[in-house]
Amino acid sequence: MRGTREFALYLEETADLLSLKDGNFFRIRAYRDAANTLMHTEEELSRIAEGEDGRHFEGIGAGMISKIREYLSTGDFREHSELLEKVPRGVLEIMRIPKLGPKKTRVLFEKLGITSVEELRKSIESGRLDSLAGFGDKTVSNILEGIKQLEIYSARILISEADEIASAVLERLRGIRGVKKAQAAGSLRRRKETEGDIDILYTGKRPAREIHEDFIKGLKKKEVISLGEKKASFIWEGSCQVDLRYIEEDEWGAALQYFTGSKEHNVALRKHAVRKGLKVSEYGVFRGGRKIAGKTEEEVYNSLGMQYIHPELRENMGELAAAAAEELPELVAPGDIKGDTHVHSLYSDGTDSIEEIARAAKDIGYEWIAICDHSVSLVIANGLDEKRLMEKKKEIERVRANIRGIDILCGQEVDIRKDGTLDYPDDVLEKLDFVIAAVHTGFTDPEDIITGRIIKAMSSPYVTAVAHLTGRLINEREPYAVDVPRIIDEAARTGTALEINANPQRLDLYYYYAKLAREKGVRLAIGTDSHHRGDLGAMKYGVSVARRGWLEKKDVINTMGAGALRKFLAKKRAGLKEKAGGRA
DNA sequence: GCCGTTTTCGGCCCGACTGTTTTCAGTCG
């Protein structure tokens, strides 16, 4: 799987290099399509190369198969290595500057020999671009601004930050005279984990340019990127690009569909439409010159002979075929959630007492909550030894008696030690209602070591779920090396749940692994990893990941009532003890 | 380079905004 991803990146790079060399447009796209397919599969690269010349993988044909084979035996393939000899990687970096594409980058490289962003900046300062055809004053100043943007805004923002920005922009927009309805589209509406920019659509009864001009009053001039009749782009409070788009009322559905994406979903949808003799654009669905749909999204999908597809599913991962066959899943929804599986209290590194947490959970409408503090090894987070753990258990019993209507589970987030053993002995684990096992050490160990630790932990009858499986912190820390598909298989075998960590900086398990887990019959546990009761609201981000992973209510243990949940917890213990010969 | 309900060749998704080349190319989504 690791090899698959690296190979996909090489394909992507080959496409970039070809575009600089003025390669055939469709050939370049074929490389990108193949890269995209491989980015979204869990299949081993060697398995793909074995298969019936890869026919069942979209965009992987005989040519790609032979490149895969070459890559598997040599670590690279000829087209890629030869192109890289001719074009330094620094040139690819230049192409990432906003408003610089392959054509202009190529001119800079071939006419002036510029091979890095830094060199480009110096060349502009020394006036080397002044006499270059196609590089007027405006273009040059845009490049300088683009270099700054590349540095400042290159990190994608978290979905939680994007939600805040979108709310603020929507509030401002709705306050402008003539604006009727307004809504966020784009990756934010698909609830993608991070956003590169934010798309806002609106309808209005005043010329859009006037509305745009009203909107940008108060923004700094350099924050305004473009200002057109239908679209305006700007940087919101120095952090993120926002695009506003004016939409005609009767084209709302088509526009919302189009600007929600994903790009891959839309391309596939349009191909599907073409096969049916129809044309889809952001203005509607057309047969010949006649518009047959466009007012609502439902209408758009229905006119193409398929069910409405929820935005979270629109990643071209099989949703079009499922919608055409009326086989889309009934996605789990925020209202289905009856409890949170991962909350820290004052006992370790949280800020609230168990009673405060329980009352907050009850206010949300939960039926139960699992208080999972850190275990003894995690000294830095005030991990609990056995004595304090028993105090915590007693306190939970006291609070349980005090607050009616919510079940409090005594849980722990138990460290998986370096050797794969758990941080408490079995007789202590047995006293807990809910155990999530987690890796907090050895992040740089190789894949087989970390995978082995987790698999060993899952074999314990007391481990309910594995927390934040890859350990990534978005924009801060890369995931550790772990063979997720193997762990999913093992989770299925042992009846262990896998956590979807709902903290917006983690969102780990990733949605495509959640989908794989569902396909293998593994249950998912959504935990907010809250350290303050105000963080319990992060549940919605976990639910979004679940929805993006095609999960239904029955796939998510948070939808169980307290009684059903306790039965589920007992089942794994009983099952694994039985397999161990009934001696445990 | 991929692909097939116009099928082994000849197509391959669609449109807006910007800047500059006064009729369009490049970039972006």
Side-chain angles (χ1 to χ4, degrees), chain A residues 11 14-15 18-20 22-37 53-68 77 79-80 94-108 132-143 145-146 149 185-187 190 195-201 208-209 212 224-234 241-247 251 254-255 257-286 304-305 316 324:
Chain A
L11 287 181
T14 307
L18 279 171
S19 69
L20 280 166
D22 202 21
N24 175 298
F25 173 81
F26 295 106
R27 188 167 159 242
I28 294 167
R29 199 163 73 185
Y31 276 92
R32 292 200 201 285
D33 287 348
N36 187 54
T37 294
D53 65 5
R55 285 287 162 205
H56 48 297
F57 285 92
E58 204 180 316
I60 309 288
M64 290 297 164
I65 293 290
S66 80
K67 286 179 199 13
I68 293 175
F77 53 93
E79 286 82 355
H80 180 249
I94 292 174
M95 202 160 59
R96 292 206 179 87
I97 298 170
K99 297 185 181 169
L100 269 187
K103 299 287 162 59
K104 284 198 158 65
T105 302
R106 184 183 177 197
V107 170
L108 292 170
L132 200 57
F135 289 79
D137 287 351
K138 191 74 195 174
T139 299
V140 168
S141 74
N142 276 342
I143 293 174
E145 190 56 38
Q149 266 196 40
S187 58
R190 299 199 313 279
E195 329 303 324
D197 60 10
I198 293 174
D199 296 293
I200 304 283
L201 310 186
R209 182 178 278 274
H212 295 161
V224 179
I225 297 166
S226 71
L227 196 63
E229 294 297 334
K230 296 195 132 200
K231 180 191 162 189
S233 299
F234 50 86
Q241 180 173 332
V242 178
D243 295 341
L244 292 186
R245 294 173 196 276
Y246 171 82
I247 307 297
E251 292 164 351
Q257 192 289 318
Y258 178 76
F259 288 110
T260 296
S262 67
K263 194 176 167 192
E264 291 77 14
H265 173 88
N266 285 354
V267 169
L269 187 76
R270 286 177 183 208
K271 279 187 192 164
H272 174 90
V274 169
R275 280 197 294 272
K276 291 187 157 257
L278 302 170
K279 187 187 79 165
V280 179
S281 77
E282 60 260 55
Y283 302 112
V285 182
F286 299 87
L304 296 167
N316 197 27

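Below, read A as the first sequence line, B as the second, and so on, with proteins coming before strands; counting in each chain starts at 1.
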Novice: Does B:dT20 have its OP1 or OP2 closer than 4.0 Å to a side-chain nitrogen or oxygen of A:Thr139?
Specialist: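 A:Thr139 to B:dT20 OP1/OP2: side-chain N or O found under 4.0 Å.
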Novice: In terms of side-chain heavy atoms of A:Ala30, which of B:dC2, B:dC12, B:dG15 is nearest?
Specialist: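 When the side chain of A:Ala30 is considered, B:dC2 is the closest of B:dC2, B:dC12, B:dG15.
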Novice: Between B:dG1, B:dG26, B:dG29, which one does the side chain of A:Arg245 approach most closely?
Specialist: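 Out of B:dG1, B:dG26, B:dG29, the nucleotide with an atom closest to A:Arg245's side chain is B:dG29.
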Novice: Can you tell me the distance, in whole Å, between the CG atom of A:Leu278 and the C1' atom of B:dT6?
Specialist: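 Distance check: A:Leu278 CG to B:dT6 C1' gives 16 Å.
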Novice: Do any side-chain nitrogens or oxygens of A:Arg270 fall under 4.0 Å of OP1 or OP2 in B:dC13?
Specialist: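 No, no such contact exists.
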Novice: If you define the side chain from C-beta out and look only at heavy atoms, does anything of A:Tyr31 sit under 4.5 Å from A:Lys67?
Specialist: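 Yes; the side chains approach each other to less than 4.5 Å.
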Novice: Can you tell me how far P of B:dG1 sits from NE2 of A:His80, to the nearest Å?
Specialist: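 These atoms are roughly 15 Å apart.
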Novice: Can you find a donor-acceptor N/O pair under 3.5 angstrom joining the side chain of A:Tyr258 to the base of B:dG29?
Specialist: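 Looking at the base of B:dG29, it does pair with a donor or acceptor on the side chain of A:Tyr258 (distance under 3.5 Å).
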Novice: Distance between the C1' atoms of B:dC12 and B:dG19, in whole angstroms?
Specialist: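 Nearest-Å result for B:dC12 against B:dG19 at atom C1': 29 Å.
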Novice: When the distance from CZ of A:Arg275 to P of B:dG4 is rounded to whole Å, what number comes out?
Specialist: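 To the nearest whole Å, that distance equals 8 Å.
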Novice: Please name the nucleotide paired to B:dA16 by Watson-Crick or G-U wobble geometry with both distances under 3.5 Å, or report none.
Specialist: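 B:dA16 is paired, partner B:dT27.
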Novice: Work out how far the C1' atom of B:dG26 is from that of B:dT21, and round it to whole angstrom.
Specialist: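 Going atom to atom, C1' in each nucleotide, I get 12 Å.
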Novice: Closest approach to the side chain of A:Lys138, judged atom by atom: which nucleotide of B:dG1, B:dT20, B:dG15 is it?
Specialist: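 Nearest nucleotide to the side chain: B:dT20.
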Novice: Please report the distance, rounded to the nearest Å, between CD1 in A:Ile143 and P in B:dC28.
Specialist: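 To the nearest whole Å, that distance equals 11 Å.
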Novice: Within this structure, what is the CD-to-P distance between A:Glu251 and B:dG15, rounded to whole angstrom?
Specialist: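 For the pair A:Glu251 CD and B:dG15 P, the rounded distance is 12 Å.
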Novice: Taking all atoms of both residues into account, what is the closest heavy-atom pair of A:Gly59 and A:Ala34, and its distance?
Specialist: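 It is O-CB, 3.6 Å.
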Novice: Out of B:dG1, B:dC13, B:dC17, which has the shortest distance to the side chain of A:Ser226?
Specialist: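 Per side-chain heavy atoms of A:Ser226, the pick is B:dC17.
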Novice: Does A:Lys231 place a side-chain N or O at less than 4.0 Å from the phosphate oxygens OP1/OP2 of B:dC17?
Specialist: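 No, because none of the side-chain N or O atoms of A:Lys231 sits under 4.0 Å from OP1 or OP2 of B:dC17.
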Novice: Is the shortest heavy-atom distance from the side chain of A:Glu195 to the side chain of A:Arg190 under 4.5 Å?
Specialist: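 They are not in contact (no side-chain heavy atoms under 4.5 Å apart), so the answer is no.
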Novice: Can you figure out which of B:dC17, B:dG29, B:dG1 approaches the side chain of A:Asn24 most closely?
Specialist: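 For A:Asn24, the side-chain atoms sit closest to B:dG1.
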Novice: Whether A:Asn142 contacts B:dG19 is assessed here as follows: a side-chain N or O lying under 4.0 Å from the phosphate OP1 or OP2. Is that the case?
Specialist: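 Checking B:dG19 against A:Asn142, a side-chain N or O does come within under 4.0 Å of OP1 or OP2.
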Novice: Tell me whether the OP1 or OP2 atom of B:dC13 has a side-chain N or O from A:Arg29 closer than 4.0 Å.
Specialist: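 Looking at the OP1 and OP2 atoms of B:dC13, one of them is under 4.0 Å from a side-chain N or O of A:Arg29.
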Novice: Mind checking if A:Lys276 touches a base, just sugar-phosphate, or nothing, with heavy atoms under 4.0 Å?
Specialist: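 A:Lys276: no heavy atom of the nucleic acid under 4.0 Å.
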Novice: A:Glu264 CD to B:dG29 C1': how many Å, rounded?
Specialist: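 Spelled out: CD on A:Glu264 to C1' on B:dG29 is 11 Å.
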Novice: So what does A:Leu269 touch, heavy atoms closer than 4.0 Å: a base, only the sugar-phosphate, or nothing?
Specialist: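 No contact.
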Novice: Which atoms form the tightest heavy-atom contact between A:His272 and A:Leu304, and what is the distance?
Specialist: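 Nearest heavy atoms, A:His272 then A:Leu304: NE2-O, 3.1 Å.
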Novice: Quick check on DNA chain B: between A:Glu229 and A:Met64, whose nearest nucleotide comes earlier from the 5' end?
Specialist: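 In this pair, the answer is A:Met64.
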Novice: Please figure out whether A:Pro102 or A:Tyr283 has its closest DNA chain B nucleotide nearer the 5' end.
Specialist: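 Closest to the 5' end, via its nearest nucleotide, is A:Tyr283.
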Novice: Given B:dC12, B:dC13, B:dG26, which nucleotide is nearest the side-chain atoms of A:Val267?
Specialist: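 Looking only at side-chain atoms, A:Val267 lies closest to B:dC13.
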Novice: Classify A:Ile97 by what it touches in the nucleic acid, base, sugar-phosphate, or nothing, heavy-atom distance under 4.0 Å.
Specialist: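 A:Ile97: backbone/sugar contact only, no base atoms under 4.0 Å.
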Novice: Determine: side-chain N/O of A:Lys104 to OP1/OP2 of B:dT20, distance under 4.0 Å, yes or no.
Specialist: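 Result: no.
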